Amino acid sequence: ILFVQAFSVICLVLGGMSVRSPYSWIGSHRKIIQMLSYEPTLILLILAVYLQNNSFLGAKVLENDIPLIYSMPLMFISLLFVIAIEFEKSPFDTASSHHAHQEIVKGTALEFSGPLLGMIELAHTYEMAIFFSLMAAFWHTSLIMGIVLALVGFIIVLVMDNVCARLTSWWMVRFMWTIPLTLSLANLIWLWR
């Protein structure tokens with residue numbers, strides 16, 4: 001699942017760099033910086049799921065009787081920051097400025113229009129569905145509680161979007177490599193014992 005998500009971001013970056021627009025290039029570079037900031041957290045999430053279930057398969061997660069949120073609460077908090085980056089919410093809306101209301105140009109998808117832009121927006125929608133499913137999987141024992149958990153996570157991301165100011169790309173990397181990565185590592189060490 002996370003490979004599909006990473007592949008779509010790489011395709012968007014390659015598409016943004018294939019045109020001559022400097023704004024599209026800047027947006028693509030910022031998208032790469034975003035990937036650099038959140039991919040370590042996602043890798044630690046995969047390792048934590050493996051430590052919890054002794055398998056990388058999603059079906060093994062569903063076989064457990066105890067929700068993942070009990071054993072991986074810090075990982076869930078880290079995932080919320082990753083989701084804020086993926087949904088282009090403040091303070092992490094650095095790559096595609098149709099979410100960053102301070103800019104005139106659109107960034108990575110600046111040169112796309114018509115069916116190609118529609119495909120990009122459709123891919124953004126399925127990425128949202130993937131991340132909502134990941135949030136809901138943290139409470140996999142009950143579908144309703146999983147949906148409630150995903151909605152609570154989404155509301156937290158929206159509140160963060162409306163409370164925080166937009167900052168620089170390198171601030172995002174420093175933040176993601178300190179707080180969420182430390183939370184993820186702490187949760188991984190907790191699962192390791």
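What you see below is based on every heavy atom in this structure, not just the backbone, and it leaves out hydrogens, waters and symmetry mates. Everything numeric here is computed off the predicted structure, so don't read it as measured data. Residue numbers count from 1 along this sequence.
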Any chain of hydrophobic side-chain contacts (each under 4.5 Å) joining [X] to [Y]?
X: W171; Y: V82; result: yes
X: V152; Y: I77; result: yes
X: W192; Y: M75; result: yes
X: M72; Y: V148; result: yes
X: I179; Y: L45; result: yes

Report task. Of all the heavy-atom pairs spanning V13 and S28, show the shortest one and how long it is. Result -> O-OG, 3.3 Å

Requested in this report: Mind telling me whether F175 and F81 have parallel, tilted or perpendicular rings, with 30° and 60° as the class edges?
Outcome: perpendicular

Any [X] side-chain heavy atom under 4.5 Å of [Y] side chain:
X: L80; Y: M135; result: yes
X: H29; Y: W25; result: yes
X: T141; Y: N64; result: no
X: V9; Y: E127; result: yes
X: L12; Y: H124; result: no

What's the spacing between [X] [atom1] and [Y] [atom2] if we round to 0.5 Å?
X: D161; Y: I155; atom1: CG; atom2: CD1; value: 13.5 Å
X: L42; Y: E39; atom1: CG; atom2: CD; value: 5.5 Å
X: I43; Y: L181; atom1: CD1; atom2: CG; value: 10.0 Å
X: L183; Y: L44; atom1: CG; atom2: CG; value: 11.0 Å
X: I147; Y: L151; atom1: CD1; atom2: CG; value: 7.5 Å
X: Q52; Y: L47; atom1: CD; atom2: CG; value: 13.0 Å

Query raised in the report: For I83, which of L134, V157, I156 qualifies under side chain to side chain contact (heavy atoms under 4.5 Å, CB included)?
Result: V157

Under 6.0 Å from the [atom1] atom of [X], do we count more than 12 heavy atoms belonging to anything else shown?
X: I66; atom1: CD1; answer: no
X: W177; atom1: CH2; answer: no
X: M128; atom1: CE; answer: yes
X: Y126; atom1: OH; answer: yes

Query raised in the report: Looking at residues at least two apart in the chain, or sitting in another chain, which of them share a side chain to side chain donor-acceptor pair (under 3.5 Å) with S78?
Result: S184

Report task. Just do the side chain to side chain contact (heavy atoms under 4.5 Å, CB included) check on L36 and M176 with the steps written out, would you? Result -> CA-CA 9 Å; L36 178 72; M176 288 299 292; over 6 Å; no

Report summary line: Across all chains, not counting sequence neighbours, the side chain to side chain contact (heavy atoms under 4.5 Å, CB included) partners of I69 are P67, F76, F138, W139, L149

